[in-house]
> 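Handing you a structure now.
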Amino acid sequence: MPELPEVETTRRKIAPLVTGRTVLEIEHFSPDKYPDTELAHGRIISEVQRRGKYLILPLADQAGGPADYELIVHLGMTGGFRLEETQHTRLTLRLNDGALHFHDPRRFGKVRVVRVGDYAALPTLAAMGPEPLEDDFALEPFAEAAAKAGAVKPWLLSQKPVAGVGNIYADEALWRAQIHPAQTRLSAEQAAQLHTAIREVMEEAVNLGGSSLGGGTGNYRQHDGDWGGFQLQHAAYGRGGQPCPRCGTPIEKTVLGQRGTHHCPQCQPS
DNA sequence: TAATATACCTGGCGGC
DNA sequence: TGCCGCCAGGTATATT
């Protein structure tokens with residue numbers, strides 16, 4: 001399922017296909033699910049930005065002019081862009097120079113057009129924490145918040161301490177930092193380990209094009225059908241019952257905050 | 001205010 | 001072989 005590395009990979013791949021293009025029409029049959037998309041018609045996509053797991057496409061009414069609206073896209077669990085229409089195409093972005101199809105089997109994805117910076121309808125985006133791969137993801141405020149936080153994994157998934165961490169990368173980062181997912185109030189040393197682990201995991205996953213998982217409908221693939229490669233590096237996520245790569249103890253699968261959670265009971269004691 | 005629970009959604013898969 | 005029900009999980013919303 002798309003988390004920050006998968007969304008960043010999508011951003012890099014679709015940017016050359018849409019930047020500078022005029023939106024002729026956004027076609028779909030779900031006005032409730034994809035509101036205000038008609039506001040994009042006739043506008044020019046000036047660039048493709050990313051904030052956490054959201055893609056943000058600023059829209060200007062003339063080439064080189066300031067953007068007055070933004071097309072916001074969240075891939076949900078199964079969303080992605082395709083060059084060809086599929087059985088699960090939910091929305092089509094028709095441009096003056098081709099088209100992109102939003103493929104989303106489980107319909108958890110979101111697409112909407114808003115005034116620039118007006119994220120009132122997207123509270124998670126409005127309250128998004130710092131980007132993990134940017135300099136503003138500073139250790140000090142992270143450690144300060146971690147010292148007061150509840151269970152660390154749900155805290156990470158809230159997007160407030162750091163942007164873009166989902167279930168897979170939360171499990172992987174906690175495994176690397178050797179912290180139990182349910183631990184509360186991290187020590188300064190643990191916060192520093194986790195801070196480093198989040199950066200490492202995200203950086204490696206972005207470099208490998210994200211994770212593609214087999215089975216279920218959670219398959220993430222890039223717009224051209226390419227698969228990511230980070231799933232081959234998973235140490236904990238999806239490896240319940242298999243030996244921990246660090247100590248050999250079987251990885252335990254539990255449920256925490258309604259989410260499947262994987263950890264090593266030896267390396268990540270509670 | 002914060003933490004926790006639930007709904008949304010649908011294809012794959014295991015069990016019978 | 002076919003049917004049934006569980007499972008996956010990011011976000012918004014409701015509840016505690």
> Specify the separation, in whole Å, of atom CG of A:L122 and atom C1' of C:dT13.
14 Å
> For residues A:L59 and A:A40, report the shortest heavy-atom separation together with the two atoms involved.
CD1-CB, 3.7 Å
> Send over the distance from A:H262 NE2 to C:dC7 P, rounded to a whole Å.
14 Å
> Looking at five pairs on each end of the helix from B:dA2-C:dT16 to B:dC16-C:dG2, what is the angle between the two axes, given to 10 degrees?
50°
> Round to a whole Å and report the spacing from CH2 of A:W155 to P of C:dG10.
17 Å
> Does a donor on one side chain sit under 3.5 Å from an acceptor on the other, for A:K153 and A:T261?
yes
> Could you check how far NZ of A:K148 sits from C1' of B:dA2, rounded to whole Å?
13 Å
> Would you call A:D104 and A:R90 a salt bridge, taking side-chain N to carboxylate O under 4.0 Å as the test?
no
> Between A:D68 and A:V116, is there a donor-acceptor pair closer than 3.5 Å when you use the side chain of the first and the backbone of the second?
no
> Would you say C:dT11 has OP1 or OP2 under 4.0 Å from some side-chain N or O of A:H74?
yes
> Taking only the side-chain nitrogens and oxygens of A:Y237, find out if one of them lies under 4.0 Å from OP1 or OP2 of C:dG9.
yes
> To the nearest angstrom, how far is A:K153 atom NZ from B:dA3 atom P?
17 Å
> Would you say A:R106 reaches B:dG11's phosphate, i.e. side-chain N/O to OP1/OP2 under 4.0 Å?
no
> If hydrophobic clusters are built by linking Ile, Leu, Val, Met, Phe, Trp and Tyr wherever their side-chain heavy atoms come under 4.5 Å apart, do A:V73 and A:L24 end up in the same one?
no
> What is the nucleic acid contact for A:K253, judged by heavy atoms within less than 4.0 Å: base, sugar-phosphate only, or nothing?
sugar-phosphate
> Output yes when A:R115 and A:E70 qualify as a salt bridge under the 4.0 Å nitrogen-oxygen rule, no when they do not.
no
> Does A:I26 share a hydrophobic cluster with A:L55, counting links as ILVMFWY side-chain heavy atoms below 4.5 Å and allowing steps through other members?
yes
> Let me spell it out: for each of A:G150 and A:Q87, pick the nucleotide of DNA chain B with the closest heavy atom. Which residue's pick is nearer the 5' end?
A:G150
> Whole Å only: how far is the CZ atom of A:F108 from the C1' atom of C:dT11?
9 Å
> Whole Å only: how far is the NZ atom of A:K33 from the P atom of B:dC8?
11 Å
> Flag the pair A:F102 / A:H28 as yes when their ring centroid distance falls below 6.0 Å, and as no otherwise.
no
> On the nucleotide C:dT11, are OP1 or OP2 found under 4.0 Å from the side-chain N or O atoms that A:K53 carries?
yes
> Only one of A:E134, A:E8, A:E6 passes salt bridge (Lys or Arg N to Asp or Glu O under 4.0 Å) with A:R50; say which it is.
A:E8
> Categorize A:P154 for me: base, sugar-phosphate, or nothing, with a 4.0 angstrom heavy-atom threshold over every strand shown.
nothing
> Which of residues 254-261 of chain A have a heavy atom under 4.0 Å from DNA chain C?
A:R259, A:G260
> Grab the CZ-P distance between A:R90 and B:dC8 for me, whole Å please.
17 Å
> A:K53: which residues meet the salt bridge (Lys or Arg N to Asp or Glu O under 4.0 Å) condition with it, sequence neighbours left out?
none
